[in-house]
Amino acid sequence: MKESKKTPKSDSLNRRAFVGNTTKTAVAGAALSALPIERFAHAAISPGDTIKIGLVGCGGRGTGAASQALSTGESVKLVAMADVFKDKLDERHALLKKQSEKQVDVPDENRFVGPDAYKKVIEQVDLVILTTPPGFRPYHFAEAIRQNKHVFMEKPVAVDGPGVRKVLEVAKEADKKGLKVGVGLQRHHQPGYIETIKRLKDGAIGDLVSMRAYWNGGGVWDPRATREQAKTELEYQLRNWYYYNWLCGDHITEQHIHNLDVINWLKDGFPVLARGMGGRQVRTDKKYGEIFDHHAVEYQYADGSWLFSQCRHIRGCWNSVSEHVQGATGHADIGAHQIFGKGGNWRYKKDRDEKSPYQIEHDDLFAAIRHNEPYNEAYYGAKSTLTSILGRMATYTGGEVTWEQALNSKVQLMPESITWDSKPPTGPDENGEYPIPVPGDKIWKRKIV
Ligand SMILES: NC(=O)c1ccc[n+]([C@@H]2O[C@H](COP(=O)([O-])OP(=O)(O)OC[C@H]3O[C@@H](n4cnc5c(N)ncnc54)[C@H](O)[C@@H]3O)[C@@H](O)[C@H]2O)c1
């Protein structure tokens, strides 16, 4: 499923020779102009070179991703960090420094705070890790590729149709420049998933008839800041980003994307339409912003097969985070890596020293950078993100929504940029309640699809 334009496998231009001496670079200019664009669009990195990385979004996943990037080899250094909030940056910098003393070298002047801080981090590094709330992703990704930098970005990669289109466009730019892009859909790097999907594609249970996917659980963190603690509405929403669609995209996008993406991978394609229902049944307090607490969606693929999907944030119910497929001659629990076929049952056996998929995804990305191999996960990252947005459009409207409608939607939840003076795109009424989508309502529909 890795879609990427082919780029040359080896690169004789060593990074130091290329960027180390500006005079030599200028003299070599005429010769360089004969080379394909990816040879001069970014500094080539050879296997032994130090790779300077930066972190944008110093939260839980950003810290994990930075740590995994540093674990790919001693010659990786964290040199710059950014967050909108100084407290988050300081806390995570201290933690990373403690974990990887020698590889973390982020002087004060390379610690940037505020909505524009990402640009300054990108300037300093060879690879940037983008782990802010997902609404920002398309714009941060675009800036990273504009500045000719390799990228690891977390899923989801957008929260709306325009954001997905932007990521798809920028992905093409990355390919033209020979830049490598990893997306945090780590199941693609998990040996048990890889082997199970391969066997299913090879026909272990015959033709695939129907699929199911779930992220049913008790929910995530409760709002982190009260109105009194936040100085402005913007700070309030940024601290509590999970509950606002312009930042998060709702939990169908933020979490359930993983399971939807597995089915897309299995199908080698993306749904053509979705129908769904959902709402706020239990998590109704105004502090939970504007997202639903449950979604149930049926997706149809181009071959007529159906995926039945559920995601729920309600405690005390049936929980499951899993993907399943029914075939003509058997069935499989994909997440448990188990196949029950006519020809016998199979279960993946994990090696005792198997690395976590979070580590493997970084090992794979850094190997591609060092060996200049094609690597761009942004295409399927964007399309699996759109699958989850399509599902949200179906549950919020209660209607049938096609892939093309979702992809071409003009409803832009996320502004292209924000400053501390920006007014968030959604706001509370006089009672502190946020507008909640009403399925079947024509006025709401225009704000959703
Ligand atoms: N692949 C996975 O399994 C996995 C797991 C967890 C999270 N994630 C993804 O990682 C991303 C981050 O999630 P998290 O759990 O780390 O959230 P988090 O709240 O812990 O961290 C996000 C950080 O980004 C900062 N931030 C917000 N806006 C910013 C901006 N414009 N510029 C710079 N910093 C900004 C916040 O202050 C916060 O420190 C999300 O997209 C999430 O879906 C993926």
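Everything numeric in this text was worked out from a predicted model, so none of it was measured. Counting convention: from 1, in listed order, for ligands and their atoms alike.
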Shortest protein contact, atom 43 (O) of ligand 1 (heavy atom only): E254 OE2, 2.5 Å
State the atoms of ligand 1, each with its element, that fall below the 4.0 Å cut-off from a heavy-atom position in K155. 1 (N), 4 (C), 8 (N), 9 (C), 40 (C), 41 (O), 42 (C), 43 (O), 44 (C)
Protein heavy atom at shortest distance from atom 10 (O) of ligand 1: E154 CG, 3.3 Å
Using a 4.5 Å cut-off on heavy atoms from C-beta on, say whether the side chain of E173 contacts that of F141. no
At a non-hydrogen distance cut-off of under 4.0 Å, which region of K119 contacts ligand 1 (side chain, backbone, both, or neither)? neither
Give a yes or no on whether a salt bridge exists between R146 and E143, defined as a side-chain N under 4.0 angstrom from a carboxylate O. yes
Can you tell me which residue and heavy atom of the protein come closest to atom 37 (O) of ligand 1, and the distance to 0.1 Å? D83 OD1, 2.6 Å
Report the nearest protein non-hydrogen atom to atom 3 (O) of ligand 1: residue, atom name, distance rounded to 0.1 Å. Y358 OH, 2.8 Å
Kindly confirm or rule out an N or O of P133 lying under 3.5 angstrom from an N or O of ligand 1. no
K423, R239, R227 screened by salt bridge (charged side-chain N to carboxylate O under 4.0 Å, His left out) with E233, the one that passes: R227
For ligand 1, which atoms sit closer than 4.0 Å to a heavy atom of G184? 1 (N)
If I compare all heavy atoms of V325 with all of L200, which pair ends up nearest, and what's the gap? CG1-CD1, 3.8 Å
Where is the nearest protein heavy atom to atom 32 (N) of ligand 1: which residue, which atom, and how far? T132 CG2, 3.7 Å
Nearest-contact summary for atom 26 (N) of ligand 1 - protein heavy atom, Å: V84 CG2, 3.5 Å
Is the side chain of K180 donor-acceptor paired with the backbone N or O of G178 at a distance under 3.5 Å, no angle test? yes
Could you tell me if K120 and N110 have a donor-acceptor pair between their side chains, going purely by distance under 3.5 Å? no
Between H251 and W215 (judged by ring centroids, cut-off 6.0 Å), do the two rings come close enough to count as a pair? no
Can you list the atoms of ligand 1 that are under 4.0 Å from a heavy atom of G59? 16 (O), 18 (P), 20 (O), 21 (O), 23 (C), 39 (O)
Check contact between W241 and ligand 1, using heavy atoms of the residue and a distance below 4.0 angstrom. yes
Residue-ligand contact H258/ligand 1, heavy atom below 4.0 Å: yes
Closest non-hydrogen atom pair between N216 and R312, with its separation: OD1-N, 3.1 Å
Determine whether Q190 and Y348 satisfy the following criterion, side chain to side chain donor-acceptor pair (under 3.5 Å), listing intermediate values before the conclusion. CA-CA 11 Å; Q190 187 167 342; Y348 174 75; over 6 Å; no
Hey, does R137 sit under 4.0 Å from ligand 1 if you only count heavy atoms? yes
Min heavy-atom dist P156 to ligand 1 below 4.0 Å: yes
Of the protein's non-hydrogen atoms, which lies at the shortest distance from atom 20 (O) of ligand 1, and what is that distance? G60 N, 2.9 Å
Closest approach of any protein heavy atom to atom 22 (C) of ligand 1, naming residue and atom: T131 O, 3.7 Å
State if P134 counts as touching ligand 1 under the rule of any non-hydrogen atom under 4.0 Å. yes
One pair to check against side chain to side chain donor-acceptor pair (under 3.5 Å): Y214 and N319. What are the steps and the verdict? CA-CA 8 Å; Y214 306 100; N319 290 340; over 6 Å; no
Side chain of D261, backbone of I257: donor and acceptor closer than 3.5 Å? no
Let's go through E235 and F85 carefully: what are the C-alpha distance in whole Å and the side-chain angles of both, what is the deciding distance for side chain to side chain contact (heavy atoms under 4.5 Å, CB included) to 0.1 Å, and is it a yes or a no? CA-CA 9 Å; E235 174 175 354; F85 299 119; 3.7 Å; yes
So for R239, does at least one of its heavy atoms come nearer than 4.0 angstrom to any atom of ligand 1? no
Examine Y434 together with Y244 and report whether their ring centres are nearer than 6.0 Å. yes
Could you tell me whether R61 approaches ligand 1 through its side chain, its backbone, both or neither, with non-hydrogen atoms closer than 4.0 Å? both
Counting both backbone and side chain atoms, is some N or O of F136 under 3.5 Å from an N or O of ligand 1? no
Looking only at heavy atoms of Y118, does any of them come nearer than 4.0 Å to an atom of ligand 1? no
